[in-house]
Asker: 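What follows is a structure written as structure tokens; I'll ask about it next.
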2 protein chains.
Amino acid sequence: MRIGKLAERTGVSRRLLRYYEEQGLITSSRALNGYREYKESHVDVVLQIKGLLDAGLPTRIIQQLLPCLDKPQTIYVPNVTPEMIATLQCEQARLSERIESLTRNRDAIAGYLDTVLSVKAANIQSRATS
Amino acid sequence: MRIGKLAERTGVSRRLLRYYEEQGLITSSRALNGYREYKESHVDVVLQIKGLLDAGLPTRIIQQLLPCLDKPQTIYVPNVTPEMIATLQCEQARLSERIESLTRNRDAIAGYLDTVLSVKAANIQSRATS
DNA sequence: CTTGACCTTCACATCAATGTGAGTGTTTAA
DNA sequence: TTAAACACTCACATTGATGTGAAGGTCAAG
């Protein structure tokens with residue numbers, strides 16, 4: 001699969017795909033003509049990256065993270081340094097904070113919408129009965 | 001309260017506080033000497049902004065959002081345009097998506113950490129008994 | 001063989017969130 | 001009264017994630 005296809009399959013622009021590669025997030029083999037060649041599995045990886053980026057993780061963290069999130073859950077657990085573990089735990093905590101914050105805010109919005117909409121409904125009601 | 005104090009209380013740099021003001025996220029009154037003056041309530045507002053920014057919302061959205069998230073929940077519900085409601089509903093949905101994505105990723109990390117740590121524990125165990 | 005749709009690299013642009021520093025005025029406290 | 005701490009504005013710098021476009025190679029189809 002070439003870059004255009006991968007872009008289409010993942011919704012990530014060609015530009016970004018090259019950028020991810022430049023940042024060491026993905027790799028590609030090259031055809032004779034120099035074109036990048038991707039395997040089916042890259043689709044999932046890119047989607048994963050997209051998700052993590054969307055989650056607010058910077059590329060350099062994702063880069064460390066990716067080898068650890070492989071499907072086959074390689075139990076070999078190769079070179080996990082204590083620093084890596086610490087990084088992950090830290091990142092996990094930050095994610096949790098972020099989630100809480102987001103949830104609070106979403107609920108606040110929901111509450112506001114509820115109020116607004118019910119008041120609106122009441123107004124319509126009162127107009128109808130007046 | 002002047003800007004330094006507010007910065008200290010919120011953990012947001014003076015620079016950023018001025019930036020938030022420039023972006024229309026907060027307001028300040030000016031003392032005779034031109035110094036910005038903040039009220040106690042600004043602390044909460046700034047923390048709220050910080051949370052939203054941290055959650056990944058851009059300033060221009062936060063700007064629309066803030067007047068709706070006021071504590072006193074003004075039931076008067078002043079100028080709520082249908083567009084505003086639509087914006088909020090949209091933003092609410094986006095927040096939910098983001099929360100889901102974040103949660104998935106946090107859980108993935110948690111799972112990985114679990115694996116790694118348990119393997120590590122097992123290693124230690126086996127070393128001890130060998 | 002040409003045209004259009006791909007691909008390549010390189011480089012400059014942008015946007016948001018920040019930092020940093022210069023140059024200057026103000027308040028505070030020794 | 002002077003020094004330190006704080007405030008102001010303005011402006012340039014940076015970082016990360018992106019967009020955009022130029023200049024050129026490749027390939028398939030008409």
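The figures here come from the full heavy-atom set of this structure, side chains too, leaving out hydrogens, waters and symmetry mates. As the structure is a computational prediction, the values presented were derived from the model and not from experiment. Chain identifiers are assigned alphabetically (A, B, ...) following the order of the sequence lines, protein sequences preceding nucleic acid strands; residue numbering begins at 1 within each chain.
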Asker: Between A:L6 and A:R14, is any pair of side-chain heavy atoms under 4.5 Å apart?
Answerer: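 A side-chain contact is absent here, since even the closest heavy-atom pair is not under 4.5 Å.
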Asker: Are the side chains of B:L113 and A:Q92 in touch, meaning some heavy atoms are under 4.5 Å apart?
Answerer: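 Yes - at least one pair of side-chain heavy atoms lies under 4.5 Å apart.
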Asker: Could you check which residues of residues 25-40 of chain B get a heavy atom under 4.0 Å from DNA chain C? Sort them by number, please.
Answerer: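 Hits under 4.0 Å, by residue number: B:N33, B:Y35.
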Asker: For residues 14-49 of chain A, pull every pair meeting ring-ring contact (aromatic ring centres under 6.0 Å, His included), keeping only residues two or more places apart or in separate chains.
Answerer: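 For residues 14-49 of chain A, and leaving out neighbouring residues, the ring-ring contact (aromatic ring centres under 6.0 Å, His included) pairs sorted by first residue read A:Y38-A:H42.
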Asker: Applying a 4.0 Å non-hydrogen cut-off, can you work out what B:R18 is touching in the nucleic acid: base, sugar-phosphate, or nothing?
Answerer: base
Asker: Holding to side-chain hydrogen bond (donor to acceptor under 3.5 Å, both in side chains), I want the full list of residues that pass it with A:R18, two or more places apart in sequence or in another chain.
Answerer: none
Asker: Grab the N/O contacts between the protein and nucleotides 14-18 of chain C below 3.5 Å, and write none if there aren't any.
Answerer:
unit_1 : atom_1 : unit_2 : atom_2 : d
C:dA17 : OP1    : B:T59  : N      : 3.3
C:dA17 : OP2    : B:Y19  : OH     : 2.9
C:dA17 : OP2    : B:T59  : OG1    : 3.0
C:dT18 : O4     : B:R15  : NH2    : 2.8

Asker: Would you list the pairs meeting side chain to side chain donor-acceptor pair (under 3.5 Å) in which at least one residue belongs to residues 23-34 of chain A, sequence neighbours left out?
Answerer: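 Side chain to side chain donor-acceptor pair (under 3.5 Å) check on residues 23-34 of chain A returns A:E21-A:S28.
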Asker: Under the criterion salt bridge (charged side-chain N to carboxylate O under 4.0 Å, His left out), I'd like the reasoning laid out for A:R9 against A:E40: C-alpha separation, chi angles, the key distance, then a yes or no.
Answerer: CA-CA 10 Å; A:R9 296 275 296 275; A:E40 200 57 28; 2.3 Å; yes
Asker: Would you say the side chain of A:S13 lies within less than 4.5 Å of the side chain of A:L17, judging by non-hydrogen atoms?
Answerer: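 No. Closest side-chain heavy atoms not under 4.5 Å.
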Asker: Going 5' to 3' on DNA chain D, which nucleotide is the first and which the last to come under 4.0 Å of a heavy atom in chain A?
Answerer: D:dG16 to D:dC27
Asker: Report yes if the side chains of B:R98 and A:R106 come closer than 4.5 Å at any heavy-atom pair, otherwise no.
Answerer: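 No; the side chains remain at least 4.5 Å from each other.
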Asker: Let me know which of A:T10, A:L25, A:L16 forms a side-chain contact (heavy atoms from CB on, under 4.5 Å) with A:V46.
Answerer: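 Per the side-chain contact (heavy atoms from CB on, under 4.5 Å) rule, the option paired with A:V46 is A:T10, out of A:T10, A:L25, A:L16.
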Asker: Heavy-atom distance under 4.5 Å between the side chains of B:V43 and B:M1, does that happen here?
Answerer: yes
